[in-house]
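Okay, structure first, notes after.
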Amino acid sequence: YFPIMYIIVVAGFSQMDSVILVVAYSCATVDQMFVVFNGTIGIFMFANGFTMNKATSPDWISWLLYTSPIFYGMEGTLSAFVNYGDYSDADIVRDILTCDDRPGCLNLTDDDVVWRNIFIMAGLT
């Protein structure tokens with residue numbers, strides 16, 4: 001279980017680090033970099049899967065989830081808890097992951113998407 005979580009965290013860190021480097025090196029000045037950085041990272045932080053998710057967001061803006069590196073790390077982590085974790089609260093995490101009828105629901109799949117998300121994060125690095 002630990003190696004899978006480690007791979008998810010490293011892939012997520014590498015992807016966010018790559019995004020930050022692209023933003024930083026594509027700007028001519030520090031002031032320009034801060035404006036672009038705050039805009040991109042702000043959107044990624046907003047569309048992380050917890051503050052904005054498919055259960056709480058309208059369809060016309062839910063696509064932002066799939067542009068956020070943080071979303072793939074969060075979904076991969078929760079999927080690893082549900083599918084690889086050996087603990088008594090796995091059903092509670094599965095319910096939070098899949099429900100869509102109350103606050104706190106994420107309306108995601110409980111399929112094993114860990115490796116898919118790792119490859120997406122690694123591919124976008």
Within the distance-only criterion (no hydrogens, no angle test), does the side chain of [X] pair as donor or acceptor with the backbone N or O of [Y] below 3.5 angstrom?
X: T56; Y: M52; result: no
X: S79; Y: E75; result: no
X: N38; Y: F34; result: yes
X: Y72; Y: Y66; result: yes
X: S68; Y: L65; result: no
X: T51; Y: F46; result: yes

Is it true that [X] and [Y] fall in one hydrophobic cluster, defined by side-chain heavy atoms closer than 4.5 Å?
X: I70; Y: I20; value: yes
X: W60; Y: I43; value: yes
X: F50; Y: I96; value: yes
X: Y84; Y: F119; value: yes
X: L21; Y: F37; value: no

Could you give the distance from [atom1] ([X]) to [atom2] ([Y]), rounded to the nearest 0.5 Å?
X: W115; Y: N83; atom1: CH2; atom2: CG; answer: 12.5 Å
X: D101; Y: N107; atom1: CG; atom2: CG; answer: 9.5 Å
X: I92; Y: D95; atom1: CD1; atom2: CG; answer: 8.5 Å
X: M121; Y: M16; atom1: CE; atom2: CE; answer: 12.0 Å
X: M33; Y: C27; atom1: CE; atom2: SG; answer: 7.0 Å

If every non-hydrogen atom of [X] is compared with every non-hydrogen atom of [Y], which pair is closest and at what distance?
X: L108; Y: M74; value: CD1-CE, 4.2 Å
X: A55; Y: C105; value: CB-O, 3.5 Å
X: A47; Y: L64; value: CB-O, 3.7 Å
X: S62; Y: K54; value: OG-CA, 4.2 Å
X: S57; Y: I61; value: CB-CG2, 3.9 Å

Task: Candidate list V35, V36, I41, test side-chain contact (heavy atoms from CB on, under 4.5 Å), partner V23, passing option - done: V36
Task: For D111, salt bridge (charged side-chain N to carboxylate O under 4.0 Å, His left out) partners two or more places apart - done: none
Open item on the list: Working note: F71 + N53, criterion side-chain contact (heavy atoms from CB on, under 4.5 Å); need CA distance, chi angles, decisive distance, verdict.
Closed with: CA-CA 9 Å; F71 170 73; N53 55 54; over 6 Å; no
Task: L78 and L106, any side-chain heavy atoms less than 4.5 Å apart - done: yes
Open item on the list: Is any side-chain heavy atom of N117 closer than 4.5 Å to one of I8?
Closed with: no
